[in-house]
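Okay, structure first, notes after.
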Amino acid sequence: MKVSKCKGMIDLLPGDMARFRHVESVFRQACIKRGYGEIRTPTLEYLYLFTSSGTLTPAMLNRVYSFLDWDGWSGERVVLRPEGTIPTARLYLENLQIGSLARLFYVENSLSFEETGTKRRERWQCSAELIGSDQPLADAELVLLALEVLGDLGIGPVTVSLSHAGLIKTLLEELGLGTVEQTEVFDRVLEGDIRALGEVKTDDAELGQALSLLLDVKGNSPGFLRNVKAVLGKSPSRFRRSLDDLAQIAELLSAMDCAYEIDLASGRGFEYYTGVMFQFHAAERLGGGGRYNDLIPLEGGPSIPASGFALSMDRLMCLVQLVERSPERVLVKPEARDVAQLKTCLQAARALREAGYIAELDLCQQGQTDYRWLLSVSTEGSFRLTDAATGRERKTVSQERVLRMLREAK
């Protein structure tokens, strides 16, 4: 019987891994240059970390891989990491100085169940978290970091969409919905169903006008938001605070010549978001993030503001173009198999690798044609270098001369 991989999972072949490492390297360097430190959280976490009030939407919780961990007969229920921000908040509380500013980044996988098996169950993400600052500058820094990474990867043009969880939550509260109903509607919005807001009815004409206006809010400048604020007039002060917050972030992005679109209907993400939310698109959604000031308190910590983003490694790998030139490959082949000659082959291969070439030892494999050079080692210890592209052969008795001939052929 043929053994197949699990549904919803994929294998990464050498070419895939080359793109993976390239994306990872570009992301790491961009983060390190901005003062971010790399972390990695466990694949296995306690379930209650994710069931804390306001962490994951019910739809997300229904897709986690959960089981009982009988280690020590505690019977504690655990999950395979479904996302990265919640574990990072736990890591901050357990390991770092509480209240300190922390710039953190990671490249990790997350796992979620998908019953048909036609969609991905394992996803890789490049993520950055900025914990300890509630300044609009922190949110702007994250947006610019993500755009720098995408630009360095040659992906574009990228569209940035800005929304605000505070506006949506305030609107739901003002509409008089109960706590459960507010959560249900907000979760639908975060899953991408903005129509959920339009389905809410109100007898308050002024509030209805605010609802209609906010659903239609679209623009690309901080001045646009100030105009919206003026139109809302006597709307709740929390509306105006959220609009001011969004306007400050938009102003910073404008100052950095960063193009964006303000679209409250674009808000997608997690239930723990409290402030600005941003999405990155280039023909398809590449990732997103937002502010989550209530997450650390929900995990038992003090009131510490934070924000972050994640980029889809899987989607970036499909878009990135590798232009790096691989080192030339040399196949080192002995004419005999005695120890002395094999030692000469091993020494020659090591010298080639130290000089920057890919050197493979011939193991009598059939049909290998992906090398540029064939280096044959004779029983007398001499070398014959053959150019596989032209068939030209040259002989020498010196490893140094072999390296010189390779350099001259470039």
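What you see is a predicted model, and the numbers here were worked out from it, not measured in a lab.
Sorted by first then second residue, the ring pair (Phe, Tyr, Trp, His ring centres under 6.0 Å) pairs that include residues 75-95, not counting sequence neighbours, number zero. Screening residues 289-317 for ring pair (Phe, Tyr, Trp, His ring centres under 6.0 Å), with sequence neighbours left out, gives Y272-Y292.
A 4.5 Å side-chain heavy-atom check between I39 and E129 finds every atom pair outside the cut-off. Counting heavy atoms from C-beta on, the side chains of Y65 and P82 never come closer than 4.5 Å. When side chains are defined from C-beta on, S66 counts as touching V79, because their heavy atoms get closer than 4.5 Å.
Between A30 and V149, the shortest heavy-atom contact is CB-CG2, 3.7 Å. Closest non-hydrogen pair, P157 versus A282, comes out as O-CB, 3.5 Å. When all heavy atoms are compared, the tightest approach of I304 to G99 is CD1-N, 3.7 Å. L246 and S163 make their closest contact through CD1-O, 3.8 Å (heavy atoms, listed as atom of the first residue, atom of the second, distance). V320 and L153 get closest at one heavy-atom pair: CG2-O, 3.8 Å.
Judged by distance alone, the side chain of R353 and the main-chain N or O of A359 form a donor-acceptor pair under 3.5 Å. Using a distance-only test at 3.5 Å, with no hydrogens or angles considered, no donor-acceptor pair links the side chain of E299 to the main chain of G301. Listed for the R40 side chain is a donor-acceptor partner under 3.5 Å among the backbone atoms of V107. When atom types are taken as modelled, the side chain of Q279 and the backbone of S161 share no donor-acceptor pair closer than 3.5 angstrom.
Here D152 pairs with nothing under the side-chain hydrogen bond (donor to acceptor under 3.5 Å, both in side chains) rule; sequence neighbours left out. S25 meets the side-chain hydrogen bond (donor to acceptor under 3.5 Å, both in side chains) test with no other residue; sequence neighbours excluded. A search for ring-ring contact (aromatic ring centres under 6.0 Å, His included) contacts involving F280 returns F278, not counting sequence neighbours. Every residue meeting the ring-ring contact (aromatic ring centres under 6.0 Å, His included) condition with Y48, not counting sequence neighbours, appears here in chain and number order: Y46. Looking at residues two or more places apart in sequence or on another chain, you find no ring-ring contact (aromatic ring centres under 6.0 Å, His included) involving Y106. For the side-chain hydrogen bond (donor to acceptor under 3.5 Å, both in side chains) test, no residue two or more places apart in sequence or in another chain qualifies with R315. A search for side-chain hydrogen bond (donor to acceptor under 3.5 Å, both in side chains) contacts involving Q341 returns nothing, not counting sequence neighbours. For F20, the ring-ring contact (aromatic ring centres under 6.0 Å, His included) partners two or more places apart in sequence, or in a different chain, are W124. Under the salt bridge (charged side-chain N to carboxylate O under 4.0 Å, His left out) criterion, K5 pairs with no residue at all, not counting sequence neighbours.
With salt bridges taken as basic N to acidic carboxylate O contacts below 4.0 Å, one links R19 and D16. Between E108 and R81 there is a salt bridge, since a side-chain N of the basic residue sits under 4.0 Å from a carboxylate O of the acidic one. With respect to the salt-bridge test (charged N to carboxylate O, under 4.0 angstrom), the residues E393 and R384 qualify. Salt bridge status for R28 with E24: absent, with no side-chain N to carboxylate O gap under 4.0 Å.
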Please set out all donor-acceptor pairs under 3.5 angstrom arising from side-chain atoms of residues 398-407, sequence neighbours excluded.
{"residue": "S398", "atom": "OG", "partner": "E400", "partner atom": "N", "Å": "3.2"}
{"residue": "S398", "atom": "OG", "partner": "E400", "partner atom": "OE1", "Å": "2.9"}
{"residue": "S398", "atom": "OG", "partner": "R401", "partner atom": "N", "Å": "3.2"}

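Taking CZ of R90 as the reference point, atom OG1 of T85 lies at 13.0 Å (rounded to 0.5 Å). Put simply, CG on L375 and CG on D362 are 11.5 Å apart, with the number rounded to the nearest 0.5 Å. To the nearest 0.5 Å, atom CG of residue L145 and atom CG of residue L150 are 9.5 Å apart.
Within a 6.0 Å sphere centred on CE of M256, heavy atoms belonging to other residues, nucleotides or ligands number 12 at most. Shown here is Q97, whose CD atom has no more than 12 heavy atoms of other residues, nucleotides or ligands within 6.0 Å.
Between T274 and D294, the side chains place no donor N or O within less than 3.5 Å of an acceptor N or O (distance only, hydrogens not considered). The closest side-chain donor-acceptor pair between E261 and T159, if any, does not fall under 3.5 angstrom.
Checked options R123, R121, R63; the residue passing with S112 is R123 (criterion: side chain to side chain donor-acceptor pair (under 3.5 Å)).
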**Asked** Under the side chain to side chain contact (heavy atoms under 4.5 Å, CB included) criterion, do L80 and L44 qualify, and how do the steps go?
**Response** CA-CA 5 Å; L80 299 180; L44 205 64; 3.8 Å; yes

**Request:** Report the C-alpha separation of F105 and C126 in whole Å, then their side-chain angles, then the decisive distance to 0.1 Å, and conclude whether the side chain to side chain contact (heavy atoms under 4.5 Å, CB included) test is met.
**Result:** CA-CA 8 Å; F105 77 93; C126 305; over 6 Å; no

**Request:** Under the side chain to side chain contact (heavy atoms under 4.5 Å, CB included) rule, what do R372 and D387 come out as? Steps first, then yes or no, please.
**Result:** CA-CA 6 Å; R372 166 71 189 277; D387 186 340; 2.8 Å; yes

